[in-house]
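Working notes, beginning with the structure itself.
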Amino acid sequence: MVDHRKIQDKWQRKWKKEKIFEVNVDNKKKKFFINIPYPYISGSLHIGHGRVVTETDVYARYLRMQGMNVLYPIAFHISGTPVLGISLAIKNGDQKKIELYKNYVRPYVDENEVDGIVQSFEDPWKIVDFFIPKMIDEFSTLGLGVDWRRSFTSGDIEHQKMVEWQFNKFKEKNYLVRGKYPVLFSKSLDNAVGEDDIADGDTNPVEKQEFTLIKFKFEDSYIMAGTLRPETMFGQTNMWVNPNVVYVKAKVGKENWIVSKECLEKLKYQDKKVEVIEEIKGKDLLGKTCFAPFVEREIMILPSEHCDPSIVTGLVTSVPSDAPFDYIALKELKDSKDMCKKFGLDNEEIKKIKLIPIIKSKGYSDFAAVDAVDRFKIKSLKDSEKLEQATQDVYKAGHHTGVLIETCGKFEGMKVEEAKEAMKKALLKSKKAEIFYETSRKAISRDGGEIIVAILDGQWFLDFNAKGWKKDAKKCLTAMKIQPDKFRKQFEDVFDWLDKRPCARKRGLGTKLPFDKEWIIESLSDSTIYMSLYTIKNKLEEFGIKGDKLKPEFFDYVYNGEGDVNKLSEDLNIDKKELQEIKESFDYWYPSDHRHTFSSHIPNHLSFMIFSHVACFKKNNWPKKISLHGMVMSDGIKMSKSKGNVVTLLELNEKYGADAFRAFLCNTTSVEGTMNWQSSEVERMKKHLEQLFEVLKNMSKERKKGVVKNKAFVSKVERLIQKASLSLENMDLRSYSNVVLYDLLRVYNKVKEDKEIVNDYLFQRWIKLLCPLIPHYAEELWDGKDEFVSISKWPKYDEKKIDDKAEFIENSVENLLSDVQEIKKLAKVENLKKVKIIISPKWKYKFFRNFKKKYEMEKNVGVLIKSLTDKEHGKEISKLIPMLVKSPSKIPKIVLSQKEEFDIYVEKKDFLESELKCVVEIELADKSKEGKAKNAMPSKTAILVE
RNA sequence: GCGCGAGUGCCGGAGUGGUCAAACGGGCUGGACUCAAAAUCCAGUGGCUUAGUGCCUACGCAGGUUCGAAACCUGUCUCGUGCACCA
């Protein structure tokens with residue numbers, strides 16, 4: 001048995017000791033700078049992380065063996081709120097989170113330390129400090145050729161200084177603007193929040209919803225009612241108010257508004273000045289009327305205990321023709337004299353309220369709500385689930401197929417989709433409505449505070465439509481290689497669509513905006529040009545240059561060659577030579593030659609990376625290439641903590657080892673495809689590698705110098721080396737791995753003669769070919785003159801040895817053998833006595849050669865027959881051509897001459913006799929007396945068995 | 001809803017105008033080896049047919065373009081994914 005763990009550890013240790021992946025400026029070698037998005041630290045790494053780093057590594061290893069100076073670094077991202085969220089959860093005694101993190105920590109430390117370490121995570125930096133070394137270790141177990149000297153985190157001062165430089169640049173170029181912006185906001189934290197700060201925010205996301213608050217004139221005030229469907233306002237029949245709720249009348253701006261107390265509270269956060277005037281009991285409003293816009297008349301205020309004061313204003317306008325809820329509520333009132341009496345309402349008046357049809361949509365009458373209520377057999381407001389469903393159905397049908405009818409005045413004929421916007425606009429313009437934001441569900445932050453929507457003033461935005469920016473970004477994109485290119489369009493679409501994007505927030509780890517220290521640069525915006533830091537990080541370390549010296553002028557000089565180095569040296573108190581060497585390092589390594597990433601990063605990270613580069617760097621340092629990989633599934637479903645199917649790198653290493661994973665990953669799916677992790681398949685790959693290892697080990701033992709006589713075999717091997725190289729060139733890791741894991745093995749297994757010479761010819765080449773894929777096994781088997789196969793030269797294929805004819809002949813002979821077997825079966829011949837091989841009549845060779853030539857240009861059967869027929873064989877030709885056109889597989893790749901073919905079979909006669917264990921006779925059709933002889937075709941002999 | 005991607009045999013998945021009944025891998029069936037098993041090797045694995053290279057049916061569904069389509073176009077269904085302040 002092969003002990004992959006031992007092998008793996010051994011070679012990883014040696015690589016590290018000999019520093020073979022630590023690379024430096026070397027002007028004699030062509031450089032290649034490849035990188036991946038730095039992972040965010042949030043517990044243990046899993047096979048999703050494993051995918052991107054491994055694919056990159058396989059490719060990087062290939063380029064290295066091609067003689068390039070390959071830089072492959074990895075850093076770590078810690079910006080943003082998730083780490084804070086974890087700290088907060090632990091601080092607040094969230095047992096679930098605490099357990100989760102205990103589980104993350106446990107594999108690395110003694111059990112009795114676990115509690116203490118997790119406790120220490122109340123300080124977010126402790127999380128960072130704890131996990132980063134672990135992550136480096138875990139990545140290393142995959143056998144990556146990474147230069148770890150160049151690692152950093154986005155919290156490091158060098159990184160922050162660089163980001164400050166970047167944002168100063170943005171500012172200079174007027175790429176930043178400020179404005180108002182609605183955000184999810186925690187009242188207790190007094191801050192904007194993200195998914196990670198909200199309880200269950202990851203599993204049940206909270207969204208912001210934009211409501212239109214419509215003003216209903218009531219005495220000296222406005223009753224404010226919120227709606228998501230302003231397009232239904234022509235169907236209003238009444239106003240709903242909760243009789244049990246105490247509302248407030250308040251001065252909002254210059255107007256008096258009636259809203260719930262909760263709403264008034266929220267309005268303060270939404271950029272409104274409010275001042276309470278008096279309380280108004282909901283039940284005091286009942287039976288009165290208010291003036292509704294669009295329908296332009298007074299509508300009655302009616303009771304509904306379902307109006308929730310904590311949602312929007314707690315007052316709702318009623319459109320019973322299109323809202324099942326309103327219809328049922330109104331119906332209940334009409335049907336119940338008791339209820340009317342209770343609220344002091346005139347039942348007869350309510351009965352007079354008529355539904356107003358407003359929208360015609362597919363599958364519904366003009367009264368969609370009535371239809372839906374019937375369909376779902378809804379009896380009362382208590383059928384809340386059915387009501388919800390009915391509302392959704394009506395809404396969906398209306399939204400996609402609905403058209404406003406004649407009751408809607410000048411909006412008649414408009415689609416619901418358009419009318420929604422048009423009517424909202426009209427209302428806002430005439431000051432009959434306001435915008436109000438509400439959360440899509442009730443939510444609390446991890447410390448228990450209520451989540452609301454707040455409008456922040458002074459929010460910083462990146463303005464992608466700023467003058468010239470998009471143009472440059474597009475220029476960069478056009479010059480870039482996108483692999484596979486089908487993703488290019490997506491980039492283009494995103495570029496068009498990008499507008500203003502908030503780029504700073506008030507919470508989280510990261511870099512402060514240098515010119516407005518209240519704000520912290522948001523975590524996607526602070527990780528767009530950090531690749532540049534890899535090129536100089538080791539130098540800063542080497543020279544002991546502290547991050548706080550890295551003023552903007554430093555980057556101006558190093559990155560863009562601006563400023564005077566003598567003056568800069570003085571100003572920053574950094575040695576001039578050191579500065580120059582740092583710059584040299586940057587100039588050597590930059591730009592990024594290749595970035596390999598998950599395709600879902602296109603609309604955000606990757607696009608921002610391009611925009612940021614064109615904003616900050618000179619054109620020659622813009623990124624060159626992006627390749628995209630697909631997503632990762634585990635057992636057919638998306639990997640997620642809640643489903644419990646996350647496979648960590650720890651577990652992976654424990655059970656299967658790096659090489660099995662690498663081979664499985666590359667061989668199981670194309671780079672852009674979805675990788676589906678199935679442990680049974682990985683297990684199989686592991687076994688296959690063990691077998692392959694044995695084969696190769698035996699190969700290495702029995703070797704003898706010499707010339708391989710089997711031309712077809714050599715041709716196939718050379719061809720496979722070519723294929724492997726070309727596949728890798730295009731980062732087609734699947735095709736490459738197929739060649740080195742399976743194709744070569746099959747070709748090798750077929751050769752029977754001169755094994756020792758064959759072994760000698762193939763062994764070292766094969767090991768090299770395998771090295772990018774399964775470097776540990778490759779090193780273990782390697783016995784070449786370089787110390788490591790990892791840094792040896794990639795095998796060159798010899799194009800001259802690729803011999804179509806030799807392979808063709810071999811195939812013909814093989815086909816002959818299998819044909820004999822088949823005929824033997826059909827003829828029910830038990831023991832072969834004799835096999836007669838009849839070589840095609842001479843005229844057919846000429847005919848086939850002509851046919852092949854003509855066929856390249858002309859596919860029409862009639863035309864072909866006319867141009868190729870002759871008197872002597874007209875009949876046969878007119879039969880052959882349709883057959884060949886219909887199944888082109890019958891056309892031989894190569895047409896030999898009759899003599900050549902005859903000689904081949906004569907030469908192979910002994911071999912055939914030994915294979916078939918009988919007498920073999922060979923004759924020319926032209927001389928044969930057999931009836932079948934005329935059926936023979938070039939490379940397809942007629943066969944007779946006895 | 002809009003955008004993007006995908007739908008292929010028992011399964012995973014190649015294949016983007018003709019060497020396609022479909023690579024490669026797995027499974028299954030039969031055979032060789034073995035006391036036996038595992039491993040390995042060979043053969044078979046849509047249907048029918050035949051002393052061979054023949055026919056039919058198939059690549060989500062329905063049409064179309066073409067001498068020819070799994071591949072191109074149109075429509076349709078299903079699934080996945082993104083839709084912004086979130087890394």
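Residue numbers begin at 1 in each chain, while the letters A, B, ... track the order of the sequences.
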Of the options B:rA87, B:rA84, B:rA39, whose atoms approach the side-chain atoms of A:Arg501 most closely? B:rA84
For A:Lys180, which residues count as a salt bridge (Lys or Arg N to Asp or Glu O under 4.0 Å) partner, sequence neighbours excluded? A:Asp271
Nucleotide nearest A:Tyr742 when distance is taken to its side chain, options B:rA87, B:rG26, B:rC24: B:rC24
What residues, two or more places apart in sequence or in another chain, satisfy side chain to side chain contact (heavy atoms under 4.5 Å, CB included) together with A:Met699? A:Leu696, A:Tyr748, A:Asn759, A:Leu762, A:Phe763, A:Trp766
ring-ring contact (aromatic ring centres under 6.0 Å, His included) partners of A:Phe487, counting only residues at least two apart: none
Counting any heavy atom closer than 4.0 Å, what does A:His688 reach on the DNA or RNA strands: base, sugar-phosphate only, or nothing? nothing
Look at the side chain of A:Arg746 and decide which nucleotide, out of B:rG27, B:rA87, B:rC24, has an atom nearest to it. B:rC24
Out of B:rG82, B:rA87, B:rG26, whichever nucleotide has its closest atom nearest the side chain of A:Pro603: B:rG82
Tabulate atom names and distances for all N/O pairs under 3.5 angstrom spanning the protein and nucleotides 11-15 of chain B.
residue, atom, partner, partner atom, Å
B:rG13, O3', A:Arg734, NH1, 3.0
B:rG13, O2', A:Arg734, NH1, 3.3
B:rG13, O2', A:Arg734, NH2, 2.5
B:rA14, O5', A:Arg734, NH1, 3.4

Among residues at least two apart in sequence or on other chains, which ones pass ring-ring contact (aromatic ring centres under 6.0 Å, His included) with A:Phe664? A:Trp677
Which part of the nucleic acid, if any, lies within reach of A:Met631 when heavy atoms closer than 4.0 Å are counted: base, sugar-phosphate only, or nothing? sugar-phosphate
Using the P atoms only, state how far B:rC41 lies from B:rG25, rounded to an integer number of Å. 10 Å
Sequence neighbours left out, what passes side-chain hydrogen bond (donor to acceptor under 3.5 Å, both in side chains) with A:Ser607? Give chain and number order. none
